[in-house]
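Here is how names work: the chains are called A, B, and so on, in the same order as the sequence lines, proteins then strands, and each is numbered from 1.
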Amino acid sequence: MTKLHQFDVVVVGAGGAGLMAALYASRTAKTAVISKLYPTRSHTGTAQGGIGAALGNLEEDHPEWHTYDTVKGSDYLGDQDAIEFMCYEAPQAIIELEHMGLPFDRTPDGRISQRPFGGHTNNVTGKPVRRACHAADRTGHMILQTLYQQCLKNQVTFFDEFQVLDLILVNGRTAGVVAVELATGEFHTFHAKAVIFATGGHGRIFEVTSNAYSYTGDGAAIVLRRGLPLEDMEFFQFHPTGIYKLGILITEGVRGEGGVLINGLGERFMSKYAPTVKDLASRDVISRAIYTEIREGRGVNGQNYVWLDVRPESVNQYAAMDGRTNPDGSPYTVTGEQILTKLPDIIDFCRVYLGVDPLTEMMPVQPTAHYTMGGIPTNKYGEVVIDEKNTVLPGLYAAGECACVSVHGANRLGTNSLLDLVVFGKHAGLKAAEFAKHADFEALPAHPEEEVRAQLEALRNGSGRENAFEIGREMRKVMFEEVGIYRNERGMRFAIEKIHELKERYKHIRVRDTGRIFNTELLNAWELGNLLDVAEVVAESALNRTESRGGHSREDYPDRDDQNWLKHTLIWKRNGHTEISYKPVVITKYPPKERVY
Amino acid sequence: MAAKSRRLSLRERGLNFEMLMWLFTRLSALVMYGLILVAMVGAFLMGARTQMNMADVLRWGFLSIAGHIQNTNIPDLEPWATPFWRLTASAMLLVATAHGVHGLVVIADDYIVHPRGRRNVRALSIVFLLLMVVAGLYVVWTW
Amino acid sequence: MALKHNVSLATALRYKGRGPMWAFILHRLGGLGMAILLTVHILSTALGGPVGQFLNDLYMHWAFQIVVYFFVLFHAVNGLRITLLDLWPSLWVYGREALWIEWAVFLPIYGLAVYTILSTALGG
Amino acid sequence: MQVTLKIFRYHPEVDKTFHYETYVIENAQETDRVLDLLEYVKGYYDGTLAFRRSCAHGVCGSDAMRINGQNMLACKVLVRDVGTHITVEPILGLKVIKDLITDMEPFFENYKKVLPWFINNSPLPEDGRERRQSPEERARFDDTTKCILCACCTTSCPSFWASDDYLGPAALVAAHRFIFDSRDEAAAERLKIISETSGLARCHTAFNCTLACPREIQITKAIAELKLATITGRV
Ligand SMILES: Cc1cc2nc3c(=O)[nH]c(=O)nc-3n(C[C@H](O)[C@H](O)[C@H](O)COP(=O)(O)OP(=O)(O)OC[C@H]3O[C@@H](n4cnc5c(N)ncnc54)[C@H](O)[C@@H]3O)c2cc1C
Ligand code: HEM
Ligand code: SF4
Ligand code: F3S
Ligand code: FES
């Protein structure tokens with residue numbers, strides 16, 4: 001039995017991007033939000049450090065600087081028109097969030113407080129600038145809560161714990177989605193004029209990751225299966241500071257507040273790699289630096305980690321050495337108390353998971369898979385585009401981490417993702433509602449849920465020799481080792497072969513749960529299928545790009561190659577094979593130049 | 001920036017019977033402590049140290065009526081049954097019964113959720129309260 | 001299709017709520033106990049007669065008194081803790097510490113009461 | 001190290017009632033999260049085990065459960081905190097749908113009752129900028145902004161066990177978040193709602209909520225502040 005619903009706009013995903021889209025779409029169109037998690041469980045809630053906007057509340061700052069920093073951060077792969085659009089919309093977007101009640105931290109004169117973040121600079125001096133608007137180290141939590149609350153206030157319709165399994169396309173136009181209700185196992189067809197994908201990322205393809213269990217790339221995989229391309233999938237961000245082994249994120253805000261990275265010899269090594277901004281260089285730079293330290297034997301105790309030091313006395317010592325000052329020009333100093341109020345959750349994580357008190361001890365950190373720059377290609381209105389010529393697919397939109405606008409290019413700057421969600425989520429919502437106003441419903445195919453039903457049945461009736469968990473574990477390991485921070489041809493070929501092997505084994509996995517109610521085993525298995533599909537295109541895209549740029553760094557091609565590679569990858573899956581093509585990068589004001597911090 | 005002080009008017013602060021009784025429960029608790037203190041001090045001034053045992057003192061403290069000490073070796077009950085003590089005992093009785101009966105209502109509210117059920121409990125409690133007060137006052141003033 | 005949500009008394013008591021939860025339970029028992037006992041006591045005294053006499057004698061029995069004193073005293077001491085913390089909410093941050101103090105106040109007083117009750121009853 | 005996990009099991013499509021199942025994990029570490037153990041059991045012993053989880057580090061609120069008799073997040077408690085004999089059961093006071101999964105609807109319904117959204121109908125600042133709020137005003141409600149709606153508190157509360165019409169600590173925490181926000185204008189409406197019979201008066205300071213809250217929110221304190229606010233009108 002299938003239930004049928006009809007909405008003008010259906011938003012898939014209730015993270016920052018999905019909720020923002022829903023909030024705006026629902027003003028003029030009948031809108032539903034479908035989410036496999038309760039909205040407040042979305043990954044946006046884990047974002048810690050801040051959301052970037054050149055408000056200039058504490059010192060001089062301009063959207064133009066923000067634009068340049070982002071272009072530079074993207075290693076010139078970001079589309080400059082989109083970046084400019086986002087950075088100029090940013091201050092208004094933040095103010096709007098504040099008007100929705102978001103409890104930002106405040107400056108003494110009652111304005112939104114801001115802190116420095118990696119890669120965000122004063123373009124004149126090159127020094128870090130305070131641009132990240134924050135609420136302690138819970139900025140994402142506050143955004144998610146505030147947006148969810150506003151959606152409740154505006155009576156947006158939610159389908160909580162419904163997992164979308166398929167996208168219905170009819171004659172190259174969007175007709176809706178198919179979802180399964182977790183609590184009953186029933187299929188629901190959502191007939192819609194416009195569909196907005198905001199399903200987040202796929203960091204679970206890697207072993208050490210800051211990403212949630214639910215980050216299984218559902219949106220990307222569905223789109224891929226429906227014959228649409230994904231963009232720039234080789235670019236994955238490794239955040240320099242994850243808790244050793246666990247991958248739990250230690251926000252860049254720690255370094256924003258003055259924390260420093262220390263190697264096994266007790267040296268502050270970032271001054272070697274980024275003489276000007278040191279520990280606040282952009283993430284790809286720092287992750288590589290840490291890896292280099294470890295590989296050259298300067299990890300702590302010969303292990304794969306280094307120290308992150310935010311003990312007040314260290315902070316004060318290095319701040320004095322750097323000549324860092326407060327807005328009023330006095331030397332920058334902190335006390336343990338202040339660190340505790342600015343980074344309470346980080347301190348808590350370390351105490352709980354490591355038994356380490358960051359106020360008196362250093363934290364063991366290692367780079368952790370964090371953010372996917374690539375995704376479903378869209379233009380700056382969130383409309384999904386499906387080829388090299390940026391042809392729009394009518395009625396389909398994407399926003400947030402699952403989309404690739406591309407504003408992050410080859411490497412995302414910290415705080416720009418939350419900004420991305422808010423700005424492009426909003427515009428996707430507005431565009432979708434506008435589209436729905438003029439469009440008609442596409443007629444649904446006779447049995448829209450047939451294909452996914454078959455997919456799930458196949459899993460359920462597999463011959464049952466293989467263990468899905470084991471397959472997942474092997475995938476994460478090979479991806480982290482061979483398609484991780486450093487890549488080379490041999491390793492990636494090995495990884496691709498391995499993924500193919502795992503996909504073959506995946507056909508024979510064993511699902512024991514035959515029930516319909518909350519069959520998490522079955523759905524986890526389906527999610528594993530998505531991860532494998534996504535892992536494959538990540539590795540394929542990476543293998544093809546024979547240069548190093550931003551998050552993609554190859555040992556066999558260590559240099560950036562603007563001659564041949566200043567272009568976006570598009571990858572399709574057709575008849576079981578991947579096909580790769582490229583489209584140009586939009587460059588308006590900032591011609592590529594060498595990137596030093 | 002100075003914090004602006006915010007004070008809601010009486011009408012706006014959600015002050016209803018429930019919350020008044022919440023406050024009453026706490027204030028009555030303090031009042032009971034006060035009355036117990038008065039009774040204790042009085043008892044000791046009147047020579048309880050030589051005339052009563054500990055249990056009796058406590059019982060007297062709890063409700064200061066002569067009946068609570070008549071079994072001990074007190075030579076003369078008269079000073080213990082003055083209008084003053086009868087009045088403090090009455091005050092104690094009123095406060096404690098109101099506190100106790102409302103306490104019962106609060107407990108009932110946890111388990112009886114239906115509005116009609118809750119209304120009935122409240123009606124019953126008033127009857128009960130009156131009954132207790134009458135019976136209690138009778139005891140206090142006839143001993 | 002789902003297990004009903006009612007929490008049985010046994011399940012509730014199995015919850016590891018530690019000190020404060022038990023204080024709540026004892027406080028409730030004490031209040032409830034007092035309300036019932038006082039009702040019976042007042043009514044029986046008011047009515048008098050053999051039944052009243054029997055009940056009042058029962059109330060004077062030392063074993064009964066030890067139990068009742070526990071409830072009364074605990075309710076009184078615990079009630080003071082609640083009252084103080086409720087009227088100065090920032091003190092609730094020290095909720096657990098307050099409970100230790102409470103026991104430190106309660107136990108000696110109760111011990112003294114039990115001692116005198118017992119020595120009066122058994123010593124004649 | 002060896003860890004014994006005793007898990008509450010109930011499959012509505014097969015079982016009439018619940019039972020417990022015991023699993024022994026041989027090579028557990030003392031730094032393993034209980035969630036890791038559950039994942040391990042699901043992965044290698046019994047895939048049918050059902051529970052919710054997402055972030056795995058205590059910030060999304062998916063995996064509230066009763067571990068050794070007390071509510072906590074499975075991802076925020078390590079073997080070294082709870083020992084090697086671990087009993088895992090669903091939270092109390094909500095219907096059990098399957099294994100450790102409970103019906104969260106009544107919980108969210110209660111949350112929605114307190115108008116948990118920012119309300120301010122006054123004109124926006126003329127300069128087009130943020131509403132001002134001093135750091136002190138912001139600090140006033142900081143604690144209650146941390147709530148992740150995990151339900152550890154509400155389902156540890158004896159009043160909620162008695163009947164789920166009690167709004168419960170989580171909803172009151174949400175109310176506190178807005179009532180004490182100097183920018184919000186609907187304190188009066190919310191205070192009216194939470195002072196109804198199923199609200200504030202049903203909190204008997206049992207304190208289980210505060211001890212269970214994985215975000216270490218001072219819930220009992222927040223509730224006491226609300227109670228006082230109904231009397232003094234000071235917010
Ligand atoms: C630990 C951490 C810290 C971070 N810190 C920062 C920071 O300080 N600043 C910054 O700018 N960025 C930060 N980021 C990045 C940023 O938080 C994320 O990129 C962003 O929140 C993603 O938001 P989203 O709306 O795209 O997706 P999410 O918030 O992840 O939401 C995805 C939604 O999709 C739903 N969904 C997924 N699949 C399906 C399906 N099949 N069917 C139905 N629903 C589905 C989920 O239920 C969920 O509601 C951080 C990320 C992490 C992991
Ligand atoms: C010094 C004496 C007393 C003090 C300090 C005191 C204090 C309190 C307090 C503070 C409460 C509120 C508890 C809450 O809201 O959670 C309470 C509840 C209650 N009290 Fe008392 N009280 C005293 C005497 C009495 C007496 C004499 C009776 C009986 C007649 C009584 C019966 C109750 C009952 C039934 C409750 C409700 C219990 C509950 O809700 O669990 N109390 N008391
Ligand atoms: S108050 Fe604490 S325990 Fe309660 S729902 Fe919020 S975070 Fe969970
Ligand atoms: S456990 Fe319940 S009774 Fe009050 S203090 Fe917490 S809400
Ligand atoms: S999994 Fe997110 S709180 Fe435990």
Practice prompt. Give, for atom CG of B:Asn16 and atom NZ of D:Lys192, the distance between the pair rounded to the nearest 0.5 Å.
Written response: 8.5 Å

Worksheet item: Which pair of non-hydrogen atoms, one from B:Gly14 and one from D:Ser195, has the smallest distance, and what is that distance?
Response: O-OG, 2.9 Å

Item to complete: Can you see which heavy atom on D:Gly233 is nearest to which on B:Arg13, and at what distance?
Response: CA-NE, 3.3 Å

Worksheet item: Where do B:Asp110 and D:Ser163 come nearest, in terms of heavy atoms and distance?
Response: O-OG, 3.6 Å

Fill in: side chain to side chain contact (heavy atoms under 4.5 Å, CB included) between B:Glu18 and D:Thr230, intermediate numbers included
CA-CA 10 Å; B:Glu18 229 75 54; D:Thr230 65; over 6 Å; no

Worksheet item: Quick one: CD1 on D:Ile194 to CE on B:Met19, what's the gap to the nearest 0.5 Å?
Response: 8.0 Å

Discussion item. With heavy-atom distances below 4.5 Å as the criterion, would you say the side chains of B:Asp109 and D:Arg202 are in contact?
Written reply: yes

Item to complete: Under 4.5 Å heavy-atom distance to chain B, tell me which part of D:Ile193 shows up: side chain, backbone, both or neither.
Response: neither

Item to complete: Evaluate the side chain to side chain contact (heavy atoms under 4.5 Å, CB included) criterion for residues D:Thr197 and B:Arg122: first the C-alpha distance (whole Å), next the side-chain angles of each, then the deciding distance (0.1 Å), finally the verdict.
Response: CA-CA 12 Å; D:Thr197 317; B:Arg122 278 166 177 64; 3.8 Å; yes

Worksheet entry | Non-hydrogen atoms of B:Arg118 and D:Ser198 that approach each other most closely | NH1-OG, 3.4 Å

Worksheet, complete the sentence: Okay, D:Glu189 and chain B: the region with an atom under 4.5 Å from a heavy atom over there is neither

Fill in: Check: D:Val235 and B:Glu12 side chains under 4.5 Å, non-hydrogen atoms
no

Discussion item. With a 6.0 Å cut-off (strictly less than), is the heavy-atom count around NZ of D:Lys95, excluding the residue itself, greater than 12?
Written reply: no

